[in-house]
Amino acid sequence: MTMASEIEGSQPAHHAAGHPFGPPAGPAGDPPLVQLLTPEGERVEHPDFPLEVTAEELRGLYRDLVLVRRVDTEATALQRQGELGIWASLLGQEAAQIGSGRALAPDDYAFPTYREHGVAWCRGVDPLNLLALFRGVHHGGWDPDEHNFHLYTIVIGDQALHATGYGMGLTMEGAESAVIAYFGDGATSQGDVNEAFIFASVFNAPVVFFCQNNQWAISEPLERQSKIPLYQRARGFGFPGIRVDGNDVLAVLAVTRAALERARAGEGPTFVEAFTYRMGAHTTSDDPTRYRLASELETWKLKDPIERVKAHLARTGQADTAFFAAVEAEADELAARLRHDCLALPDPAPLSMFDHPYVEPHPLVAEEREQFGAYLSRFAEDPASSSSTEGR
Amino acid sequence: MTMASEIEGSQPAHHAAGHPFGPPAGPAGDPPLVQLLTPEGERVEHPDFPLEVTAEELRGLYRDLVLVRRVDTEATALQRQGELGIWASLLGQEAAQIGSGRALAPDDYAFPTYREHGVAWCRGVDPLNLLALFRGVHHGGWDPDEHNFHLYTIVIGDQALHATGYGMGLTMEGAESAVIAYFGDGATSQGDVNEAFIFASVFNAPVVFFCQNNQWAISEPLERQSKIPLYQRARGFGFPGIRVDGNDVLAVLAVTRAALERARAGEGPTFVEAFTYRMGAHTTSDDPTRYRLASELETWKLKDPIERVKAHLARTGQADTAFFAAVEAEADELAARLRHDCLALPDPAPLSMFDHPYVEPHPLVAEEREQFGAYLSRFAEDPASSSSTEGR
Amino acid sequence: MSARATTTLAKALNMGLRSAMERDPKVLIMGEDVGKLGGVFRVTDGLQKDFGEQRVIDTPLAESGIVGTAIGLALRGFRPVVEIQFDGFVYPAFDQIVSQLAKMHARSLGHVRLPVVVRIPVGGGIGAVEHHSESNEAYFAHTAGLRVVACSNPADAYFMIQQAIASEDPVVFYEPKRRYWEKAELDPEATPMPLHEARVVRPGEHVTVAAYGPMVRTCLEAATVAEQEGRSLEVIDLRSLSPLDLPLLCASVERTGRLVVVHEAPVFLGLGAEVAARVTERCFYSLQAPVLRVGGFHLPYPPARLEEEYLPDLDRVLDAVDRSMAF
Amino acid sequence: MSARATTTLAKALNMGLRSAMERDPKVLIMGEDVGKLGGVFRVTDGLQKDFGEQRVIDTPLAESGIVGTAIGLALRGFRPVVEIQFDGFVYPAFDQIVSQLAKMHARSLGHVRLPVVVRIPVGGGIGAVEHHSESNEAYFAHTAGLRVVACSNPADAYFMIQQAIASEDPVVFYEPKRRYWEKAELDPEATPMPLHEARVVRPGEHVTVAAYGPMVRTCLEAATVAEQEGRSLEVIDLRSLSPLDLPLLCASVERTGRLVVVHEAPVFLGLGAEVAARVTERCFYSLQAPVLRVGGFHLPYPPARLEEEYLPDLDRVLDAVDRSMAF
Ligand SMILES: Cc1ncc(C[n+]2csc(CCOP(=O)(O)OP(=O)(O)O)c2C)c(N)n1
Ligand SMILES: Cc1ncc(C[n+]2csc(CCOP(=O)(O)OP(=O)(O)O)c2C)c(N)n1
Ligand SMILES: [Mg+2]
Ligand SMILES: [Mg+2]
């Protein structure tokens with residue numbers, strides 16, 4: 001199999017006579033999928049993506065996968081218990097995120113959506129920050145430059161342009177690093193994402209467009225966004241697209257590495273479609289039973305991103321039960337720590353909301369802050385003066 | 001030559017070893033161009049686009065071409081004389097507009113930009129309307145439904161979505177007509193145009209996306225919008241794209257007809273790139289000497305869209321000098337009529353601006369109208385009360 | 001359906017949409033997740049099942065695309081009702097709304113009509129993450145060519161959505177998302193008042209308090225508390241933000257001599273600015289105090305744990321009433 | 001360069017941009033046709049030639065893309081100055097401006113700074129086709145997180161653009177397009193006043209007239225005429241629309257007792273609404289008349305042959321002064 005077919009899809013080269021524009025375009029069947037580890041945990045080779053992984057690296061990836069899933073489970077539980085306002089689960093997408101996150105060099109920069117908890121993990125962002133965000137303590141408390149990991153972006157697609165601009169900046173500076181822009185299948189329909197493709201292509205920006213196709217945009221299946229496989233979108237913009245098994249951490253690692261390498265080498269953008277599945281609800285507010293069949297989930301459970309790594313590690317003797325138990329224990333510890341720290345998160349002080357609307361002084365903000373401070377102190381001095389039925 | 005190569009471009013099928021994503025994407029050289037009439041006026045055949053044209057039809061097309069160029073020249077002159085605020089010339093794009101405009105069936109619907117004077121002509125819109133628009137008398141005075149020709153859209157790309165929505169409506173009604181959306185090369189960079197591709201593809205809307213690639217978006221050459229030929233954009237969205245010689249009225253007619261037929265037959269959208277050249281300035285306000293070489297224009301003059309039809313008609317004896325003279329005379333007459341009518345266009349009455357902001361009554365508009373009316377009458381009664389140095 | 005049932009605001013909207021769709025086959029619903037899911041707030045629940053995928057359309061995830069194709073559908077004679085999933089996601093469609101939807105009727109010298117409704121769940125108070133709690137009505141109210149309305153209760157929701165759909169002009173229709181689940185009586189047989197009229201929801205003598213959408217209930221609660229302190233507030237539900245029902249407002253202010261305007265949107269150039277400026281111009285000699293405004297601060301909407309502080313509440317309304325009375 | 005030369009406003013902007021680019025290599029210019037062409041108004045004339053294609057960037061034709069990538073560049077430490085070709089074409093970028101540019105500093109708890117300037121040639125009066133004559137400053141002034149300024153003369157243009165570029169906050173920078181070719185003296189060595197302060201451009205006694213951008217000259221002309229009629233107008237150039245320089249405004253109104261606010265934008269929720277509401281609140285007892293507003297009508301901007309009627313002019317300003325004096 002040549003890469004070109006993977007990149008460009010397998011469109012028939014000739015059309016039926018009498019149809020000047022060829023046969024009607026439709027789903028192009030099962031396009032090729034780069035895979036290095038089968039769902040059964042068997043290591044397979046791919047001519048274009050050779051990958052050497054040491055046992056230690058492999059165990060490290062396994063640990064990442066397990067820990068971020070545990071963070072996710074704990075966050076979902078915290079939400080159920082009323083401690084978070086909402087939570088967007090990464091369940092099922094661990095390999096896509098850890099594989100791509102671990103492909104990044106320290107100087108590379110990542111632009112996430114709201115679901116990239118696994119990537120945040122790889123970039124050293126304490127998951128407590130993510131809990132704090134979904135708890136409503138802040139909108140993004142980490143320093144992006146400390147982690148080369150931008151803030152979560154909630155408006156679908158907006159960050160694709162930020163990533164592209166950042167990449168243009170890298171090119172101008174002659175920096176040899178790359179940018180990765182995360183987004184979902186639904187996001188491919190946004191104008192901004194397509195404009196990002198154009199800017200990245202025209203300015204040859206070192207950007208990897210990493211699309212986690214988890215098959216759903218809330219309740220809408222992929223057919224609502226595209227009639228052809230998403231990775232083929234890139235060819236309309238003049239750069240390569242490739243589909244990788246998003247539940248295969250090794251394949252994602254290898255393909256993302258290659259794409260980043262391409263970017264760093266000045267060869268421009270690449271579109272990586274990580275073919276995966278949102279195993280949970282869109283967020284804790286969502287009820288997927290309204291729009292999809294339980295059987296779909298069952299099929300995907302057989303392709304679980306963690307199970308296959310575990311099976312491979314065990315089968316090849318690269319890890320023993322003690323290792324698995326240790327990771328499990330570490331996960332429990334992490335979860336307990338996060339739960340504890342989350343419950344201990346102080347609510348921000350009321351007046352702190354006036355801290356950062358602007359860098360420089362702003363008379364209206366200063367005035368409102370002062371007035372509101374005075375107003376609050378009146379209540380503090382004389383709580384009876386509050387007529388509110390809602391307790392403050 | 002098979003159509004598939006025209007539709008999909010001629011990307012190499014294999015990549016250099018060691019480059020997992022293939023060779024860096026770049027301009028794909030000279031992609032195939034559908035042509036039925038050479039610049040020298042020679043009729044050539046194309047396997048996918050057989051076209052029968054009677055001598056009468058051909059003379060009709062010639063007449064269209066000459067008349068719309070004449071309208072354009074007159075409008076430019078009127079602008080130079082201060083009678084129009086600005087004019088966007090179609091010079092050089094006559095074949096693209098007449099070829100596509102004449103491909104339309106009466107029930108088809110066209111969505112123009114601000115430069116589609118040739119298409120307007122085909123849809124029976126009196127050019128006086130266009131002069132009035134650029135004179136500043138109105139923003140679009142014709143009834144779109146009377147001509148199945150929408151208003152001029154000035155915001156780049158917006159109309160692509162309107163066309164798509166209209167097409168979705170046709171599908172819902174089971175109507176067997178099609179929509180054509182006009183836009184330029186620059187417009188392909190707008191999010192809205194790309195979103196239109198997505199909606200049209202997903203809803204299989206009967207839309208022909210007709211892109212006049214006139215090589216320039218004001219001062220920006222095509223390289224600022226795309227690294228690959230524009231017709232290839234479509235393949236990223238799952239529908240066919242094709243490049244046609246936009247200076248060849250017959251090729252444009254044949255290709256557009258086929259694309260419209262495809263749309264009417266329920267086969268969805270097509271992207272037609274009419275490869276042409278903006279022979280004049282962007283508008284009368286523009287100075288192209290600042291950004292492009294005169295030699296480029298000279299090259300394109302050799303491919304003039306009208307000359308080749310004239311040469312063909314003359315050479316094949318389908319028209320004689322009397323015919324050419326008659327068309328010339330008709331053009332002069334039309335120009336004289338337009339000039340006369342343009343100069344006679346009354347300025348709209350001041351209060352008429354309050355006529356159509358809303359369909360239904362609106363108290364604020366009514367109040368402002370009344371107050372402004374009263375204010376104007378005060379001046380009318382007592383002009384001395386105006387202190388204005390700018391005469392009213 | 002039995003008259004005078006008790007209904008949530010969300011359900012009332014659902015009933016209103018259904019009724020409009022039954023009456024006119026040209027009415028369509030478009031948006032993200034409006035089909036099987038019934039919208040993230042379930043406002044379109046069951047409509048796709050009953051009216052089919054051609055009339056209740058799950059669109060690609062692109063707001064400009066949604067509004068832009070809705071305009072195209074309207075040009076073909078349909079009456080699309082567009083759902084924007086949350087207030088903060090209307091901005092990608094801003095160009096289509098402001099440059100096309102608002103202006104096309106004028107541009108065409110009246111030939112083209114675009115009876116499109118853009119439904120926007122608006123405002124905060126639901127503990128959401130960023131972009132899900134915005135109050136952006138001022139942008140659209142400032143835009144000539146649009147009509148902007150906001151419902152505050154189930155009965156209005158039911159009638160106003162139908163009136164908006166029946167309007168030949170484009171309407172931006174605000175739904176107070178934190179009131180979606182509040183119940184009230186709804187008599188579908190009642191005769192609705194005109195879409196663009198305001199309503200005195202509680203008569204009073206000392207201070208007029210004008211609000212709309214989610215803040216109407218807050219102001220009513222403030223009026224109840226104020227009464228216990230011997231202050232009689234007249235609460236007006238503006239309902240229509242563009243155009244404004246000035247006659248009703250001015251009649252009230254001429255009686256009370258004082259006006260407080262309340263909304264969640266930031267005060268600076270919020271709707272209250274226009275109400276204040278216009279009422280002051282008309283009722284200059286009646287006003288005993290300047291029109292006071294209670295609204296959000298000049299900040300991006302804060303994280304959820306601060307929204308209770310950020311949003312105007314009963315106490316801040318009463319505080320403004322006090323300040324007004326002090327003049 | 002010789003001090004105190006006479007310069008057009010467009011040229012002054014060009015000089016200001018050049019000076020900022022010379023001072024700081026991180027300053028970039030981005031937009032449609034800003035390179036070889038020098039922008040459709042020639043404001044960036046010659047800059048690409050002198051600073052290269054890496055610093056003066058002709059972008060693809062997509063405003064959201066321009067602002068979105070400018071944000072990315074700012075995240076990398078650049079200071080992009082974005083040109084929007086005409087006022088009516090900023091809307092495709094509205095989401096990036098309102099949801100990202102305005103909010104990212106707050107979102108990041110202060111970690112991220114976005115010193116991006118969005119230049120917008122604004123307003124009518126040049127006989128243009130649709131979308132080329134809009135006054136949309138109220139949208140951005142209502143948006144917390146943005147700063148909004150408007151220059152009215154060459155000297156201010158020269159200094160304000162540099163101050164805007166130096167600002168650590170995002171600035172929407174309005175340029176009065178019909179004044180691009182008006183000349184005035186410019187001393188590049190002068191010490192500029194702070195960016196967010198207003199200026200009394202003509203002192204007076206009877207009525208304060210506040211304006212900004214293209215209307216400042218109109219108001220100065222009105223003041224000249226009024227003087228002949230014995231009326232002394234104090235004309236204030238607001239310069240900064242967000243934040244407003246209220247102290248200066250109020251000091252004037254406290255002296256004159258009357259205020260007329262003038263802008264091209266439609267009156268309804270135009271900047272004058274905020275000025276009126278806020279000044280009335282602060283100067284309630286000083287005002288002899290309600291704050292009156294002169295602006296565009298509540299209509300999509302009309303075709304060019306009607307713009308002279310649509311736009312506020314000297315007579316409409318004087319009419320408002322008369323009405324104010326009549327209270
Ligand atoms: C501009 C915009 N419109 C709508 C939404 C509401 N919304 C949040 S997530 C989502 C679906 C996103 O789907 P996809 O891109 O596939 O990402 P996923 O959630 O599956 O990871 C929608 C519609 C939004 N956040 N932004
Ligand atoms: C959204 C928007 N941005 C900018 C402009 C200003 N503008 C008018 S025409 C034009 C270039 C258009 O180029 P192209 O699409 O190739 O069409 P052409 O003018 O060549 O026919 C630009 C930038 C506009 N009209 N709309
Ligand atoms: Mg998804
Ligand atoms: Mg062009």
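Throughout, a chain's letter reflects where its sequence line sits, starting with A, and its residues are numbered from 1. Below, each value reflects all heavy atoms present in this structure, side chains not excepted, and no hydrogens, waters or symmetry copies.
Only the side chain of A/D286 comes within contact range of chain C, with heavy atoms under 4.5 Å apart. Neither the backbone nor the side chain of A/H282 comes within less than 4.5 Å of any heavy atom in chain C. For chain C, the nearby part of A/Y358 is the side chain; its heavy atoms alone come within less than 4.5 Å. Both the backbone and the side chain of A/V155 come within contact range of chain C, with heavy atoms under 4.5 Å apart.
Heavy atoms only, all atoms of each residue included: A/G136 and C/P303 are closest at O-CB, 3.1 Å. Between A/I218 and C/Q85, the closest heavy-atom pair is CD1-OE1, 3.4 Å. Residues C/L306 and A/A349 approach most closely at CD2-O, 3.7 Å, considering heavy atoms.
Comparing A/E368, A/E223, A/R369 by how many heavy-atom pairs each has under 4.5 Å with chain C, the most go to A/E368.
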*asked:* side-chain contact (heavy atoms from CB on, under 4.5 Å), that's the test. Do C/K36 and A/R290 meet it? Break it down for me.
replied: CA-CA 7 Å; C/K36 269 195 189 157; A/R290 293 180 71 101; 6.0 Å; no
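The 12-atom threshold is exceeded at CD of A/E367, counting heavy atoms of other residues, nucleotides or ligands nearer than 6.0 Å.
Under the 3.5 Å distance criterion, with hydrogens and angles disregarded, no donor-acceptor pair is assigned to the side chains of A/H139 and C/Y301.
Ion pairing between A/D347 and C/R305 holds under the 4.0 Å rule for side-chain N and carboxylate O.
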